[in-house]
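Lettering follows sequence order; numbering is per chain, from 1.
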There are 2 protein chains.
Amino acid sequence: MYEKYVKILKDHTLKITSPRLEVLKYLDEHHTHPNVEEIYSSLKKTHPSLSRTTVYNSLEILKKNRIVQSLAISGSELRYDIDERLHHHFICNRCGAILDISIACPNMDKTLQGGHRVEEVQGYFKGICKKCQTKEKGRSNNG
Amino acid sequence: MYEKYVKILKDHTLKITSPRLEVLKYLDEHHTHPNVEEIYSSLKKTHPSLSRTTVYNSLEILKKNRIVQSLAISGSELRYDIDERLHHHFICNRCGAILDISIACPNMDKTLQGGHRVEEVQGYFKGICKKCQTKEKGRSNNG
DNA sequence: ATACTAAATTGTAATAATAACAAAAAAGAA
DNA sequence: TTCTTTTTTGTTATTATTACAATTTAGTAT
Ligand SMILES: [Mn+2]
Ligand SMILES: [Mn+2]
Ligand SMILES: [Zn+2]
Ligand SMILES: [Zn+2]
């Protein structure tokens with residue numbers, strides 16, 4: 001059940017703790033780029049002793065070890081992604097969904113930009129998602 | 001002195017107010033991508049009646065009118081840029097500087113990504129800036 | 001120039017995300 | 001099993017931003 005996550009932690013010589021395993025499992029099963037509150041309140045249901053601070057701490061150490069990445073795309077809160085591979089994101093200004101954008105980008109892999117050492121790359125697109133556009137059209141057509 | 005900023009506001013049929021002119025002038029003279037606090041505390045010196053809320057309000061309306069853009073690059077606070085043209089940014093994890101990155105990007109101008117309507121594009125690089133790297137080298141060489 | 005009205009500014013209070021901290025608990029090594 | 005270090009927990013503090021109501025002001029009409 002949790003072997004996969006145990007292995008990830010072990011590979012990074014991190015201590016195996018229940019909160020860390022749960023956070024990893026949650027992110028692995030929810031590729032929605034959740035924020036801390038979503039992760040916390042969901043896990044809290046089945047793990048009532050869990051502390052919000054622990055979720056922050058766990059995510060921080062997972063990020064430091066490059067097991068997860070954080071996205072500042074919303075502007076108000078960090079979102080988390082267990083997919084550490086470099087990929088771009090789209091946020092819908094209507095429904096708030098954050099979606100992966102799989103495009104090739106020539107600047108993505110560069111470790112140097114203008115003489116600066118690059119350690120992290122984030123590509124954000126903001127607008128109206130496909131779904132919300134469909135809804136919009138439907139509304140104007142029907143009534 | 002302020003004609004330039006008056007014109008910008010007029011062109012967007014926005015009311016000409018002292019706080020708006022001052023915010024525009026500040027951004028025009030400081031291409032450092034300042035946050036609200038930096039703008040506010042600087043203007044407050046010469047305009048003691050200025051309210052922090054007004055700076056927030058002004059920036060919001062300027063952004064809505066696409067006169068300025070906001071950057072979520074720092075993760076904790078929005079940064080503002082009077083240069084509305086699409087360009088990428090680099091933030092230094094050491095000194096906090098936010099710098100323009102002028103690179104051609106094939107994805108920048110696209111108004112559609114994966115079927116989603118794109119209204120805004122942000123490209124962020126994070127790492128250690130050129131200056132901080134030089135300092136680092138100097139330190140390790142000299143002791 | 002004056003009066004009017006909608007919009008903007010101000011100050012304060014509320015909210016929300018995150019960080020700091022100390023005590024209790026738990027992981028992993030000995 | 002014992003010990004030590006790290007993690008977790010709960011609480012409090014901080015910071016960025018928003019909400020709101022009262023006051024002021026910009027721009028327009030008179
Ligand atoms: Mn993703
Ligand atoms: Mn810029
Ligand atoms: Zn949507
Ligand atoms: Zn730097």
Side-chain angles (χ1 to χ4, degrees), chain A residues 2 5-24 26 33-44 46-65 67-68 70-80 91 96 98, chain B residues 2 5-24 26 33-44 46-65 67-68 70-80 91 96 98:
Chain A
Y2 289 90
Y5 312 115
V6 170
K7 178 170 178 4
I8 294 175
L9 294 176
K10 274 199 178 149
D11 286 351
H12 289 80
T13 55
L14 292 174
K15 287 200 174 173
I16 317 300
T17 71
S18 168
R20 288 174 185 177
L21 293 172
E22 293 299 333
V23 168
L24 277 176
Y26 186 89
H33 312 93
N35 62 15
V36 169
E37 198 56 31
E38 284 162 359
I39 299 169
Y40 168 71
S41 60
S42 175
L43 296 182
K44 185 81 176 172
T46 46
H47 298 79
S49 75
L50 181 67
S51 165
R52 188 180 275 104
T53 300
T54 301
V55 177
Y56 276 100
N57 290 343
S58 300
L59 288 168
E60 195 193 3
I61 203 163
L62 292 175
K63 182 176 156 71
K64 263 192 195 147
N65 283 268
I67 297 168
V68 305
S70 68
L71 313 177
I73 192 169
S74 94
S76 63
E77 22 150 61
L78 291 180
R79 298 296 189 125
Y80 290 88
I91 187 170
I98 295 174
Chain B
Y2 289 91
Y5 313 114
V6 170
K7 179 170 175 9
I8 294 175
L9 293 176
K10 274 198 176 149
D11 286 352
H12 290 80
T13 57
L14 292 174
K15 287 200 174 171
I16 318 299
T17 71
S18 168
R20 288 174 185 177
L21 293 172
E22 293 299 335
V23 168
L24 277 176
Y26 186 89
H33 312 94
N35 62 15
V36 170
E37 198 55 31
E38 283 162 1
I39 300 168
Y40 168 71
S41 60
S42 176
L43 296 183
K44 184 81 175 173
T46 46
H47 298 80
S49 74
L50 181 67
S51 165
R52 187 181 274 104
T53 301
T54 300
V55 177
Y56 276 99
N57 290 343
S58 300
L59 288 167
E60 194 193 4
I61 203 163
L62 292 174
K63 182 176 154 73
K64 263 191 194 149
N65 283 269
I67 298 167
V68 306
S70 68
L71 312 177
I73 192 169
S74 95
S76 64
E77 26 153 55
L78 292 179
R79 297 297 189 122
Y80 290 88
I91 188 169
I98 296 175

Go through the side-chain N and O atoms of A:E22 and A:Y2 and say whether any donor and acceptor fall under 3.5 Å apart. yes
Quick one: which of D:dT7, C:dA17, D:dT17 gets closest to the side chain of A:E77? C:dA17
Rounded off to whole Å, could you give me the CD-to-P distance for the A:E22 and D:dT9 pair? 11 Å
Counting only side-chain heavy atoms from C-beta out, which of D:dA16, C:dT10, D:dT8 sits nearest to A:R20? D:dT8
Counting N and O atoms only, with roles assigned by atom type, does the side chain of A:R79 sit under 3.5 Å from a partner on the main chain of A:S74, one being a donor and the other an acceptor? no
Among the nucleotides C:dA17, D:dT7, D:dT9, whichever has the atom closest to the side chain of A:Y56 is C:dA17
Summarise protein proximity over nucleotides 20-30 of chain D in one line of letters, 5' to 3': B for base, S for sugar-phosphate only, - for none, counting protein heavy atoms closer than 4.0 Å. B-----BS---
5'-most contact on DNA chain C (nearest-nucleotide basis), B:P19 vs B:G75, goes to B:P19
Out of C:dT18, D:dT8, D:dT17, whichever nucleotide has its closest atom nearest the side chain of A:S58: D:dT8
By nearest heavy atom, map B:R52 and A:S76 onto DNA chain C; which one lands nearer the 5' end? B:R52
Would you mind listing every side chain to side chain donor-acceptor pair (under 3.5 Å) that reaches into residues 48-62 of chain A, with sequence neighbours excluded? A:E37-A:R52
Does the side chain of B:I67 come within less than 4.5 Å of B:L14's, by heavy atoms? yes
Minimum-distance nucleotide (side-chain atoms of A:S51 versus D:dT9, C:dG11, C:dT10): D:dT9
Determine whether B:L78 and B:V36 make a side-chain contact, defined as any pair of heavy atoms from C-beta on separated by less than 4.5 Å. no
Is B:S49 near enough to C:dT10 that one of its side-chain N or O atoms lies under 4.0 angstrom from OP1 or OP2? yes
